Amino acid sequence: MDESKYLVRPRLNDYYGIFLSQAKVDFAIPFLDEDIPLYVDPFRLWQSPSYQDNGLYVLFKGVFNRLGKMYVEGEKTKAIEILRRISECNEVGLGNSKSRNGKRIGGGLAKDILSLYENIQVINMYGLEHPEVIQLLVNGISKDRISDIVSNMLGSFLVDYTIQECRQYGIPTEKCEIEYLDVKNMNMKKESCELPVNPKSKQVFWFVPKRWLRKTMWLNDDDYLNHYLVNRIEYLGREEMDIVTFNRQNYSMVTEYIRAKEKTAVDCKNDPLFGQIPVLSAKRKLSAIKKLPTGKEDNADKKYEAELCPLLASLLYPHLDFAQPQSRTESGTQIRDLVFYNNTSYEFLNDMKEKFGSRQLVVELKNVDEVTKEHINQLNRYLNPVFGSFGIIMTRNKPKRSVMQHTIDLWSGQRKCILILDDSDLELMVKVFESKQRDPIEVIKMKYVEFTRKCPA
């Protein structure tokens, strides 16, 4: 049986049954069928303490400026075509696409970028010190485009890096043909090598170091306009102002902005793929949940889900990577509230994989006064070859004895394990989270031990 078809929001490693914790690997684990909503920020390479990253930034800047020089010196067609072809990098899978497929820029936009080397004297003489500032100088260039361009310019490094990480973690690869920019000869080059691919579409993957990734660029047009430019000039009708034309005519303002941002470079941190909420926020969410009435009146059930989803995701991290909320099955008839990747990085979770076949864990949220047998049966129907025979229900109050007996009967008859955690268990998890002495997932382990003691051998 092909268990992979049951995976929710599958990552490359999950498809092959390789259990990796995102917190413990150096690269951003790619999704099979969608982008990671982060971007390669060249400034992170510039300010990195790693000499390797610094060198890669110098390479990126040199290649970009070399394209500009080619354009100025008469190789316009070649320079435009190279920039156009490296303007999209589906291999890294970064951005907001739900299909991992983007579009390249047109020749006109590539020409607008390269013409900066003709039209702005300082750039013509010295090149761009931080090429990512083309966002401020050309309409239609955003963070995703910068990220793809730098990824392609560093493609040779990323290919080697990907091969290294695949060997370290045993990720399967296939012989495939790739195209990348040969920066020595400034030509697009094709080459065969062993890389991971999407098992269905055969799209090639390039891994990217997590330390390079941010939600937005350190140098960006919104920050420039709202936190720098607005304090230095006075004008009317800012909303209608052609800021790109202004920046080209006053390029010294852009260079001043760059200098100011360089001075605060220590604040330029990479954005994690998942960020835990702080302890204070966790306590506030718990308090808000405990004040909610049970049922659906005044959208109490939706508010319960809205508070509990980020709370549970934070409490269980990094032992469980959060997959997604409200996961609808392929038929659309069933909705699972929360799904987590089982990284098996904790002994208890490894047991869940070995005993129950749980490659992913499903958690149902029930803002009801009493959990019923039907709620248990509903979760039982959700369990499949990926979720295995283990599931969790989060609810408000302790279940009745008859309901607990129903879960024990499921264990006896089908070897299914369904745990029920209430507000008191959630409160204990938050207390453990606050103390930092133990892991909140141990509360789930404790409930499992309690459950198994009630079950017949």
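Keep in mind it's a predicted model, so treat the numbers as computed, not measured.
- Among residues at least two apart or in separate chains, side chain to side chain donor-acceptor pair (under 3.5 Å) pairs with a member in residues 41-55 are D41-R214, R44-Q47, S48-D53, D53-R211, D53-W212.
- Under a cut-off of 6.0 angstrom, the local environment of NZ in K436 is crowded, with over 12 non-hydrogen atoms contributed by other residues, nucleotides or ligands.
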Tabulate below the donor-acceptor pairs under 3.5 Å that side-chain atoms of residues 154-168 make, not counting sequence neighbours, or state none.
| unit_1 | atom_1 | unit_2 | atom_2 | d |
| --- | --- | --- | --- | --- |
| Y161 | OH | D26 | OD2 | 2.4 |
| T162 | OG1 | L158 | O | 2.7 |
| T162 | OG1 | F207 | N | 2.7 |

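- The CE atom of M394 sits 12.0 Å away from atom SG of C309, with the distance rounded to the nearest 0.5 Å.
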N101 and Q203: CA distance, side-chain angles, deciding distance, side-chain hydrogen bond (donor to acceptor under 3.5 Å, both in side chains) verdict: CA-CA 10 Å; N101 287 306; Q203 185 182 58; 3.2 Å; yes
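- With ring centers used as reference points, Y317 lies under 6.0 Å from F274.
- The CG atom of L421 sits 6.5 Å away from the CG atom of L419 when rounded to the nearest 0.5 Å.
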CA sep, side-chain torsions, deciding dist, call: H130, Y57, side-chain hydrogen bond (donor to acceptor under 3.5 Å, both in side chains): CA-CA 9 Å; H130 286 276; Y57 181 83; 2.7 Å; yes
Working for side-chain hydrogen bond (donor to acceptor under 3.5 Å, both in side chains), residues N342 and T344: CA-CA 5 Å; N342 184 3; T344 69; 5.4 Å; no
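- Residues satisfying the ring-ring contact (aromatic ring centres under 6.0 Å, His included) test with Y341, not counting sequence neighbours, are none.
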Check against side-chain hydrogen bond (donor to acceptor under 3.5 Å, both in side chains), N377 and H406: CA-CA 9 Å; N377 294 336; H406 187 54; 2.8 Å; yes
Residue pair R396, V368: steps toward the side chain to side chain contact (heavy atoms under 4.5 Å, CB included) verdict: CA-CA 7 Å; R396 306 302 306 279; V368 294; over 6 Å; no
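- Ion pair E307/R284 not flagged as a salt bridge, since none of the NZ, NE, NH1 or NH2 atoms sits closer than 4.0 Å to an Asp/Glu carboxylate oxygen.
- Annotation: side chain to side chain donor-acceptor pair (under 3.5 Å) contacts involving residues 264-283, sequence neighbours excluded, comprise K283-E434.
- More than 12 heavy atoms of other residues, nucleotides or ligands shown are found within 6.0 angstrom of NZ on K210.
- With values rounded to the nearest 0.5 angstrom, I113 atom CD1 is found 4.5 Å from I134 atom CD1.
- Side-chain contact between Y224 and Q135 is absent, with no heavy atoms from C-beta onward closer than 4.5 Å.
- N90 places none of its side-chain heavy atoms less than 4.5 Å from the side chain of R100.
- Counting non-hydrogen atoms of other residues, nucleotides and ligands closer than 6.0 Å to CZ of R438 gives a total of 12 or fewer.
- Using a 4.0 Å cut-off between a side-chain N of Lys or Arg and a carboxylate O of Asp or Glu, D423 and K290 do not qualify as a salt bridge.
- N13 has its side chain within reach of L20: a pair of non-hydrogen atoms, C-beta onward, lies under 4.5 Å apart.
- Side chains of V25 and Q22 form a contact here, defined as non-hydrogen atoms less than 4.5 Å apart.
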Expected list for residues 443-453: side-chain donor-acceptor pairs under 3.5 angstrom, two or more places apart:
| unit_1 | atom_1 | unit_2 | atom_2 | d |
| --- | --- | --- | --- | --- |
| K447 | NZ | D425 | OD2 | 3.3 |
| T452 | OG1 | Y448 | O | 3.2 |
| T452 | OG1 | V449 | O | 2.9 |

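- Between D33 and K200 there is no salt bridge, since no side-chain nitrogen of the basic residue lies less than 4.0 Å from a carboxylate oxygen of the acidic one.
- Salt bridge status for E364 with K366: present, with a side-chain N to carboxylate O gap under 4.0 Å.
- Partners of K400 by salt bridge (charged side-chain N to carboxylate O under 4.0 Å, His left out), not counting sequence neighbours, listed by chain and number: E370.
- In this structure, CG on N350 lies 11.5 Å from CG on N343, to the nearest 0.5 angstrom.
- The structure places CZ of F64 at 9.5 Å from CD of E132, a figure rounded to the nearest 0.5 Å.
- More than 12 heavy-atom neighbours from other residues, nucleotides or ligands sit within 6.0 angstrom of CD on E177.
- Look at D148 and R104 and you find no salt bridge, because none of the NZ, NE, NH1 or NH2 atoms lies under 4.0 Å from a carboxylate O.
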Trace of the side chain to side chain contact (heavy atoms under 4.5 Å, CB included) decision for V430 with L311: CA-CA 9 Å; V430 172; L311 178 56; 4.2 Å; yes
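- Heavy-atom neighbours of E347 CD from other residues, nucleotides or ligands within 6.0 Å: at or below the threshold of 12.
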Chi angles and distances behind the side chain to side chain contact (heavy atoms under 4.5 Å, CB included) call for W206, N152: CA-CA 10 Å; W206 294 354; N152 267 316; 3.9 Å; yes
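- Distance CD1/I149 to CG/L83: 5.0 Å, rounded to 0.5 Å.
- Classification of the F348-F390 ring pair by plane angle, with boundaries at 30° and 60°, yields perpendicular.
- Annotation: cation-pi geometry not satisfied between K416 and W411 (NZ/CZ under 6.0 angstrom from ring centroid, within 45° of ring axis).
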